[in-house]
Every structure is written in structure tokens, then in C-alpha cells.
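The structure appears below as C-alpha cells.
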Amino acid sequence: MRAQLARVDAVLVQALIAAALSFAHIHDVAVAAGQDGWKAWAYPVSVDLLLVAAWRRLRSGSAKGAAWCWFVIALAASLGANVATAGLLDLGNVPAWLRILVAGWPAVAFLGGTLLAHSAPKAADEVMTIEGQEEEPESEPEPPAPPAIEAPPERPAVPVPAALIDHARKVAAEHHTRTGTPMDVPTLRARLGVPAPMAEAIAAHL
């Protein structure tokens with residue numbers, strides 16, 4: 001555990017040293033190119049932010065071509081400042097082309113950072129959309145409607161004597177008074193002792 005922490009600490013210290021030196025070199029080049037005050041400090045910040053944005057896109061595994069392009073541009077700006085301040089460039093007499101590069105860098109960094117942070121590859125979106133979709137279950141076909149049942153033929157009318165109808169009314173009235181419910185056909189048939197067709201015909205007259 002301690003050995004691992006020691007390795008991590010060494011890497012962090014080395015990264016801090018490299019970042020601080022690169023930060024100072026970019027600041028010195030910006031000052032030499034006429035960008036003094038707070039503007040000189042903003043240049044190294046923009047370079048480092050573009051490097052971080054490009055590295056995060058590379059780590060995400062998508063649109064690596066654009067990520068590598070902007071990573072190389074930011075790395076070239078950082079390495080160029082390091083080399084320029086190593087004595088190969090007279091910071092007291094900066095050439096015009098370097099002043100143009102320094103003056104145009106904010107627009108380049110803004111464009112790269114915007115493209116890296118706010119653009120997503122369509123292929124990844126389509127893959128996520130396809131993976132997120134679930135296959136819809138096939139709808140089961142509805143069974144065909146059963147054939148219509150033909151109604152039985154009407155029975156011929158059964159002649160009913162008037163006296164039997166009057167008697168049936170009395171029996172039905174007595175049943176209703178006693179039970180509170182109307183008399184059904186089976187009960188009427190049982191009380192009168194007549195066949196089913198006759199009971200149905202009597203019920204039709206009641």
C-alpha cells in the first residue's frame with residue numbers, strides 16, 4: 001500500500017512540476033507577444049483546458065479523430081512555448097508570425113473546446129438508441145368470430161281458453177301477493193299442470 005502511494009505521489013509531483021513550467025512558459029510567450037496583465041495568465045489556462053477536453057474525449061472512446069487533432073494542437077502550443085523560452089527565440093524581439101499566432105489562439109481554443117465538449121458522435125447515439133429499444137411482442141391474431149347462432153324457429157301459436165287465462169291471472173296474483181315477486185313460467189306451469197308450450201302461451205297473455 002505504501003509503495004503504491006509512493007508511486008502515485010511521484011507521478012503527481014512530476015505532473016505538477018511539468019504543468020507549472022509549461023504554464024510559466026506560455027505566460028512568458030504571451031507577455032513577449034504583447035499580451036500583458038491578466039491576458040497573459042489566461043493563455044496557459046486556455047491551453048490546459050483544451051488539452052483536458054481532448055484527453056477526456058479520447059478516454060471516452062468516441063470521435064477519436066477530432067480528439068487527437070485538438071490534442072495535438074494544444075500540445076504543440078504548449079511545447080512551442082517551452083522551446084521558445086529555452087533561448088531559441090529572442091523574447092525581446094518577437095517575430096510578427098508569433099504575434100499573429102498568440103493573438104489568434106483564443107478563437108482557436110474556443111472553437112476546439114466547444115466542438116469537444118458540446119458535440120456527440122451520431123454513431124454512438126444511434127447505438128445507444130438501438131440498444132435501448134426493446135423488441136415489441138408480436139400481437140396475437142384475434143380468433144375469428146364464432147358463427148352466428150341461428151334462432152330456433154318460432155313455435156306455432158297454442159290456443160289457450162279464456163277461462164284458463166283468467167284462472168292463471170288469479171294464480172299469478174296470489175303468488176305475487178304472497179312472495180312479492182312475479183311468477184315465472186316454470187312455476188306457472190307447475191301450478192296449472194299444463195305442458196310447457198301451453199304455459200308459455202299463457203304467460204304471453206298475462
Side-chain angles (χ1 to χ4, degrees), residues 1-5 7-9 11-12 15 42 45-46 48-71 74 106-206:
M1 185 64 180
R2 292 182 178 178
Q4 184 177 1
L5 290 176
R7 288 196 299 269
V8 172
D9 292 342
V11 172
L12 290 178
V45 174
S46 67
D48 290 344
L49 288 179
L50 186 58
L51 278 172
V52 172
W55 178 249
R56 291 190 62 182
R57 178 55 64 89
L58 288 173
R59 291 292 300 274
S60 67
S62 59
K64 288 188 175 182
W68 272 115
C69 177
W70 290 108
F71 184 81
V108 175
F110 176 76
L111 176 62
T114 301
L115 293 177
L116 290 172
H118 299 286
S119 63
K122 295 182 179 180
D125 293 342
E126 293 176 357
V127 171
M128 292 177 61
T129 302
I130 294 174
E131 292 179 353
Q133 292 178 350
E134 296 181 356
E135 296 183 358
E136 297 182 357
E138 298 181 357
S139 57
E140 298 181 358
E142 297 182 357
I149 300 176
E150 297 182 358
E154 296 182 358
R155 297 178 181 178
V158 178
V160 181
L164 184 56
I165 294 176
D166 292 339
H167 177 64
R169 285 197 179 97
K170 294 179 181 178
V171 173
E174 179 187 357
H175 177 82
H176 186 272
T177 302
R178 180 168 47 83
T179 62
T181 58
M183 179 180 289
D184 54 8
V185 176
T187 304
L188 179 64
R189 176 189 174 189
R191 291 290 301 274
L192 298 179
V194 295
M198 179 67 71
E200 293 177 357
I202 294 173
H205 287 83
L206 297 180

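Predicted model only: the values in this text are computed from it and were never measured.
Residues R59 and R56 fail the side-chain proximity criterion, which asks for heavy atoms closer than 4.5 Å. Contact of the V185 side chain with the I202 side chain is not registered, since no non-hydrogen atoms from C-beta on lie closer than 4.5 Å. For the pair V108/W70, a side-chain contact is recorded, criterion being any heavy-atom separation below 4.5 Å from C-beta on.
The side chain to side chain contact (heavy atoms under 4.5 Å, CB included) test applied to R169 returns I165, D166, L206, not counting sequence neighbours. Take H176 and apply the side chain to side chain contact (heavy atoms under 4.5 Å, CB included) test, not counting sequence neighbours, and it matches P182.
The main-chain N or O of M183 is never found under 3.5 Å from a side-chain atom of T187 such that the two would form a donor-acceptor pair. No side-chain donor-acceptor contact under 3.5 Å links R57 to the backbone of A67.
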**OP:** In sequence, state the C-alpha distance, the side-chain angles, and the governing distance for E174 and R191, and then conclude on side-chain contact (heavy atoms from CB on, under 4.5 Å).
**Re:** CA-CA 11 Å; E174 179 187 357; R191 291 290 301 274; 3.9 Å; yes
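Separating the CG atom in L115 from the CG atom in L50 is a distance of 10.0 Å, to the nearest 0.5 Å.
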